[in-house]
Amino acid sequence: KQEVTQIPAALSVPEGENLVLNCSFTDSAIYNLQWFRQDPGKGLTSLLLIQSSQREQTSGRLNASLDKSSGRSTLYIAASQPGDSATYLCAVSRHNAGNMLTFGGGTRLMVKP
Amino acid sequence: GAGVSQSPRYKVAKRGQDVALRCDPISGHVSLFWYQQALGQGPEFLTYFQNEAQLDKSGLPSDRFFAERPEGSVSTLKIQRTQQEDSAVYLCASSGISTGTVNYGYTFGSGTRLTVV
């Protein structure tokens, strides 16, 4: 059974810092990996999707990397802003499963002005 | 519609009551998923539809949980005889993909927060 772990569970940083969120998964036979953002009381917003054949994806200040063989992904946020405060979730999907996602527990990020 | 719509946003049910949660996916999306998110945790898979066919219901926690999507569009998640442990946010997501093709990602609804008292 696939298990996804995110470290740290919570993180508080001053505005302007660069930061890295970590995600690890136990079964490397994944179809893709996604990073989501969740604001309190809201649904999930997809930030980046990395196919299993890719190594990284970038969107603005966000960069996500994938090392499938070691079962790891990182989300790098450059020049953090208070508006980045949210919970960040990583999720992997497996082959032939309708792309059902297995989520990590999330990292709660607080960026202080 | 422009996004995935879920109703109601909040539901308080007395223990033992039956509830029905509705999901209206993005028009034309083939795939529809239900997830359960307990407080402070990541979402957990409940069930998956491709059009009107329920292809995977392995995540439903008990036979009190039932989901349907009779016309391949709107879906309803029903929970019978609710228990306190059913308290969670129920998230619906839809995707325009079908099995075996490239995944362009999901669109999630805002969820229904169920509180069983």
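By convention in this document, chain letters (A, B, ...) are assigned in the order of the sequence lines, proteins followed by strands, and residues within each chain are numbered from 1.
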Determine whether more than 12 heavy atoms belonging to other residues, nucleotides or ligands lie under 6.0 Å from atom CD of B/E71. no

B/W34-B/V4 co-clustered via ILVMFWY side chain contacts under 4.5 Å: no

Atom of A/G43, atom of B/L91 and distance for their closest heavy-atom approach: CA-CD2, 4.3 Å

How long is the straight-line distance from CE of A/M100 back to CG of B/L55, given to the nearest 0.5 Å? 12.5 Å

So which part of A/L89 gets closer than 4.5 Å to some heavy atom of chain B, the side chain, the backbone, both or neither? side chain

What do you reckon, is CZ of B/R64 surrounded by more than 12 foreign heavy atoms closer than 6.0 Å? yes

When hydrophobic residues are tied together by side-chain contacts of less than 4.5 Å, even through go-betweens, does A/Y76 share a cluster with A/L48? no

Any side-chain to backbone donor/acceptor pair from B/Y106 onto A/T45? Under 3.5 Å, distance only. no

Is it the case that over 12 heavy atoms from other parts of the model lie below 6.0 angstrom from the CZ atom of A/R61? yes

The criterion is salt bridge (Lys or Arg N to Asp or Glu O under 4.0 Å); which residues satisfy it with A/K42, sequence neighbours excluded? none

Set out, in order, the CA-CA distance, both residues' side-chain angles and the distance that settles side-chain contact (heavy atoms from CB on, under 4.5 Å) for A/F103 and B/Y35, then state yes or no. CA-CA 10 Å; A/F103 283 86; B/Y35 289 83; 3.8 Å; yes

Name the option with the most non-hydrogen atom pairs under 4.5 Å to chain B; the candidates are A/Q6, A/R108, A/Q38. A/Q38

Are B/F108 and A/F36 an aromatic pair, judged by ring center distance below 6.0 Å? yes

Just checking A/Q57: does its CD atom have more than 12 heavy atoms from other residues, nucleotides or ligands closer to it than 6.0 angstrom? yes

Quick one: does A/L101's side chain get under 4.5 Å of B/F33's, heavy atoms only? no

Okay, B/Q37 and chain A: the region with an atom under 4.5 Å from a heavy atom over there is side chain

